[in-house]
Chemist: 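Please find one structure pasted underneath; my questions will follow.
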Amino acid sequence: MVLTMLLRLTTDVCPMIANDLLETNEEAPVELRLVPEPLRAGPNEDDPGKGDGKGGTETGIITKTRPKTKRPNLYRVLLLNDDYTPMEFVILVLQDVFNKSREEAVQIMLHVHQKGVGECGVYPYEVAETKVTRVMDTARKNQHPLQCVMEKQ
Ligand code: TYC
């Protein structure tokens, strides 16, 4: 979220409030700009309390922005071991769905085979969900009991 604060201030109190704005933001860099209002030719007769051009009562706009830095929630996609799915099938799934090289796929498959569970990758929610669905669909079509799950990191 971009946080934008627009404050209209008199020049008398502006520096004080500007300092306060800077001190309150400890999390992220702040861009602070004082944007002067368009100059008027002379005193404003409709509004005698403002803008006589002699200083002290001019107004400006302070804009405080904070760049959007929210990171996506990430999910680990895990393969589970079983006694029936052929090793070669798991290797092909890792290459096809998770874009692993043959060597990486063999390593991950053996890890799952020996430890019972292993990580295939870490992705944003919808990517992880799609990969789990692809693994489960291809396992079911080939009548293998291979299981794939995702967990929040
Ligand atoms: N344990 C299986 C076998 O011996 C191989 C296997 C590895 C199965 C990884 C699933 O996620 C898995 N054929």
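Sequence positions, counted from 1, serve as the residue numbers for this chain. Keep in mind that what you see is a predicted model, and the values were worked out from it rather than measured. Atoms within each ligand, like the ligands themselves, are counted from 1 in listed order.
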Chemist: Going from OH on Y123 to OG1 on T130, what distance comes out if it is rounded to the nearest 0.5 angstrom?
Modeler: 11.5 Å
Chemist: Can you report which non-hydrogen protein atom sits closest to atom 4 (O) of ligand 1, along with the distance?
Modeler: H113 CE1, 3.1 Å
Chemist: Would you tell me which option among L78, L80, T85, L79 has the nearest heavy-atom contact to atom 12 (C) of ligand 1?
Modeler: L80
Chemist: Tell me whether K131 contacts the main-chain N or O of C148 through its side chain, where contact means a donor paired with an acceptor under 3.5 Å.
Modeler: no
Chemist: Please could you name the atoms of ligand 1 that L146 approaches to less than 4.0 Å, counting only its heavy atoms?
Modeler: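 The list of qualifying atoms is 10 (C), 11 (O), 12 (C).
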Chemist: Please check: side-chain N/O of N142 versus main-chain N/O of T138, any donor-acceptor pairing under 3.5 Å?
Modeler: yes
Chemist: Measure the distance from atom 9 (C) of ligand 1 to every protein heavy atom, then report the residue, atom name and distance (to 0.1 Å) of the closest one.
Modeler: V112 CG1, 3.6 Å
Chemist: Which heavy atom of the protein is the closest neighbour of atom 2 (C) of ligand 1, given with residue, atom name and distance?
Modeler: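 Checked against all protein heavy atoms, atom 2 (C) of ligand 1 sits closest to D82 O, 3.2 Å.
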Chemist: Got a donor-acceptor contact below 3.5 angstrom from the D82 side chain to the Y84 backbone?
Modeler: yes
Chemist: Quick one: nearest non-hydrogen protein atom to atom 7 (C) of ligand 1, plus distance?
Modeler: N81 OD1, 3.6 Å
Chemist: Report, as yes or no, whether the 6.0 Å neighbourhood of atom CD on E126 holds more than 12 heavy atoms from other residues, nucleotides or ligands.
Modeler: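 No, not enclosed.
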